[in-house]
Structures are given as structure tokens and as C-alpha cells.
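Keep in mind that this is a model prediction, so the values were computed, not measured.
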Amino acid sequence: MKNSVKATLIAIAVAIVLLIVGIVFALNQKATTAPPEGEERPTVRTDSHVLDDGGEGAVTVVEFLDFECEACGAFYPIVEELREKFDGEITYVVRYFPLPGHINSTQAALAAEAAAQQDRFEDMYHRLFETQAQWGEQPEETPEVFRGFAEDLGLDMAAYDAAIADPATAERVQADKSDGEQLEVSSTPSFFVDGRKVELQEWDDLEQAIEKAVNG
């Protein structure tokens with residue numbers, strides 16, 4: 001009986017030690033993956049789509065967008081004006097963040113990514129926003145609409161179809177969204193200027209943030 005009690009106590013002690021080790025390990029993992037205090041998480045990957053490259057020393061503006069999002073569509077002309085106004089002073093980067101409530105948002109992102117593989121990302125970017133009212137808010141996905149855009153742009157359709165079917169294309173879109181979630185993006189459009197998220201309350205908040213960073 002004494003041996004049985006002793007064995008039980010040893011087992012409990014081992015379990016407690018293992019639990020403590022597990023907790024310490026988890027805390028260490030969290031500490032190594034979290035950015036140092038005061039340091040911003042990176043907002044750009046090496047494969048991110050750059051619309052404008054301002055060169056060394058330029059302010060980096062990153063937009064997480066959903067091509068079907070009406071707010072993104074409303075900001076599209078504003079963004080185009082800002083790209084022109086700050087030409088040569090900013091590097092403008094676009095990243096995918098399709099929202100689950102938009103039926104065609106992922107299909108649109110896939111179309112953009114397939115076009116990007118043929119160095120035509122910006123052409124598809126413009127086409128998607130310019131036609132948003134035609135394919136947005138549909139009851140089901142309409143991939144044939146986006147394929148039609150690819151044909152209109154003169155893309156290699158065999159390569160386009162292969163890209164759409166390739167799981168790696170969807171993974172590339174998801175990688176952007178996962179990064180956005182790590183950056184606490186929850187809605188679109190979400191903008192970051194030199195790594196800092198812009199809180200949008202007025203239409204000119206983005207312009208003011210860029211102006212401050214450029215002149216700072």
C-alpha cells in the first residue's frame with residue numbers, strides 16, 4: 001500500500017513538472033514570435049505587389065483590400081490621386097484581404113494573382129475596381145466574369161487557367177490575409193504608412209498620414 005501511494009505521489013509530481021515545463025515553453029514561444037515592444041510588425045513581404053516604387057528612402061504605404069468591398073471601391077479614386085500626388089515619394093503596396101461576407105472577393109483576388117504571374121497585376125487591379133458594380137454583391141461566385149477580364153487584357157489564357165487551378169495561387173492570397181490578421185486587420189480598406197496603421201475617420205486621414213510621413 002505504501003509503495004502504491006509513493007508511486008502515485010511520484011506520478012503526480014512528474015505531471016506537475018511536465019505541466020510547468022509546458023507552460024514555460026509556451027511562454028518562451030510567445031516571447032520569440034511576438035515583436036519587441038515598440039517595434040512594428042512587417043507589413044510587406046518580398047513577393048508583395050508594388051504599384052509604385054519610390055526607391056530608397058520613400059515612405060511605404062500598404063493597403064489591405066477586398067476587391068468586392070464597396071469602401072475599397074470608394075477609396076480607389078482617392079488612392080489613385082494620392083499615388084499621383086506623391087509620385088516618387090512613396091512606395092505603394094497592395095495586399096489581399098478577401099472578406100467572407102463577399103461571395104466574389106476570393107475569386108477576384110485569384111484573378112488578380114493569376115494576372116500578376118504574367119506581370120499584369122496592375123491592369124487587373126484597375127479592371128476589378130472599375131467593374132466592381134457589375135460583379136459585386138452576387139448570390140454566387142462568377143469566375144467566368146474574371147476570366148473574361150483576363151481575355152480582354154490579352155492574357156495567356158492557358159497560363160491563367162492553370163494559375164487559377166493551382167492551389168499555390170490560393171495559398172498566396174491566404175498568406176496576405178494571414179499577415180493582415182497578425183496585424184489586427186479586420187476590415188477593408190486598411191492602410192499602413194511606414195508600418196503604422198492609419199485610423200480612418202475622415203476621407204483625408206490617409207493623405208494626412210502620408211503627408212506627415214513624407215515631410216517628417
Side-chain angles (χ1 to χ4, degrees), residues 43-54 60-88 90-181 185 187-191 206:
T43 56
V44 180
R45 286 175 176 259
T46 56
D47 62 351
S48 293
H49 299 305
V50 178
L51 296 184
D52 301 310
D53 187 351
T60 299
V61 182
V62 179
E63 178 183 4
F64 282 87
L65 59 75
D66 175 340
F67 286 108
E68 190 173 355
C69 166
E70 291 183 349
C72 293
F75 258 96
Y76 168 66
I78 295 174
V79 165
E80 292 305 293
E81 290 177 5
L82 293 177
R83 288 177 60 196
E84 182 176 354
K85 177 178 179 178
F86 294 103
D87 183 34
I90 65 172
T91 293
Y92 200 87
V93 181
V94 171
R95 306 197 65 183
Y96 308 114
F97 200 83
L99 297 170
H102 294 149
I103 301 299
N104 263 325
S105 58
T106 296
Q107 288 296 324
L110 292 175
E113 186 57 27
Q117 293 178 25
Q118 298 186 44
D119 296 323
R120 300 293 298 280
F121 174 82
E122 185 167 0
D123 292 330
M124 185 63 80
Y125 162 87
H126 290 305
R127 181 62 60 90
L128 291 170
F129 276 128
E130 289 166 357
T131 62
Q132 186 191 75
Q134 299 175 23
W135 54 266
E137 303 299 325
Q138 298 298 312
E140 57 186 23
E141 292 181 338
T142 57
E144 68 279 0
V145 171
F146 306 114
R147 192 177 192 278
F149 295 160
E151 288 181 315
D152 292 343
L153 292 173
L155 299 188
D156 179 329
M157 294 311 297
Y160 176 87
D161 290 339
I164 293 295
D166 188 350
T169 305
E171 290 169 5
R172 170 66 182 77
V173 172
Q174 182 58 44
D176 268 6
K177 186 170 185 181
S178 295
D179 282 357
E181 290 169 345
V185 171
S187 61
T188 56
S190 283
F191 297 95
L206 177 59

Partners meeting side-chain hydrogen bond (donor to acceptor under 3.5 Å, both in side chains) with Thr131 (sequence neighbours left out): Trp135

Counterpart residues, side-chain hydrogen bond (donor to acceptor under 3.5 Å, both in side chains), relative to Ser178 (two or more places apart): Gln174

Test item: side-chain donor near acceptor, His49 and Glu113, under 3.5 Å: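 Yes.
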
Can you check whether [X] reaches [Y] side chain to side chain, under 4.5 Å on heavy atoms?
X: Val173; Y: Pro98; value: yes
X: Tyr92; Y: Val61; value: yes
X: Glu68; Y: Gln107; value: no
X: Val79; Y: Phe191; value: yes
X: Phe67; Y: Tyr76; value: no
X: Tyr96; Y: Ser105; value: no

With sequence neighbours excluded, residues passing side-chain contact (heavy atoms from CB on, under 4.5 Å) with Asp47: Arg45, Arg172

Qualifying residues under side-chain contact (heavy atoms from CB on, under 4.5 Å), relative to Ala150, sequence neighbours excluded: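 Only Met124, Leu155, Met157, Tyr160 meet the side-chain contact (heavy atoms from CB on, under 4.5 Å) criterion with Ala150.
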
What heavy-atom pair brings [X] and [Y] nearest, and what distance separates the two atoms?
X: Ala111; Y: Phe146; value: CB-CB, 3.7 Å
X: Cys69; Y: His102; value: CA-CE1, 3.6 Å
X: Gly73; Y: Pro77; value: O-CD, 3.3 Å
X: Ser48; Y: Val93; value: CB-CG1, 3.6 Å
X: Phe64; Y: Thr43; value: CZ-O, 4.5 Å
X: Ala112; Y: Phe121; value: O-CD1, 3.6 Å

Sidechain-backbone polar pair: Gln138 side chain, Asn104 backbone, donor-acceptor under 3.5 Å: no

Check: Thr188 main-chain N/O paired with Asp66 side-chain donor or acceptor under 3.5 Å: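 Checked: no pair found.
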
Distance in Å, [X] [atom1] paired with [Y] [atom2], rounded so as to fall on 0.5 Å steps:
X: Thr60; Y: Ile90; atom1: OG1; atom2: CD1; result: 9.5 Å
X: Phe75; Y: Leu65; atom1: CZ; atom2: CG; result: 12.5 Å
X: Arg120; Y: Asp156; atom1: CZ; atom2: CG; result: 11.5 Å

Glu70 atom CD, over 12 foreign heavy atoms within 6.0 Å: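 Counting neighbours around CD of Glu70, 12 or fewer heavy atoms of other residues, nucleotides or ligands fall under 6.0 Å, so no.
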
Verdict with reasoning, Glu181 to Phe97, per side-chain contact (heavy atoms from CB on, under 4.5 Å): CA-CA 9 Å; Glu181 290 169 345; Phe97 200 83; 4.0 Å; yes

Pairs flagged by salt bridge (Lys or Arg N to Asp or Glu O under 4.0 Å) wherever residues 139-149 is involved - sequence neighbours left out: Arg147-Glu151, Arg147-Asp161

Pairs flagged by salt bridge (Lys or Arg N to Asp or Glu O under 4.0 Å) wherever residues 90-110 is involved - sequence neighbours left out: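 Salt bridge (Lys or Arg N to Asp or Glu O under 4.0 Å) check on residues 90-110 returns Arg95-Asp176, Arg95-Asp179.
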
Derivation of the side-chain contact (heavy atoms from CB on, under 4.5 Å) call for Leu153 and Gln118: CA-CA 11 Å; Leu153 292 173; Gln118 298 186 44; over 6 Å; no

Presence of salt bridge, Arg83 and Glu63, under 4.0 angstrom: no

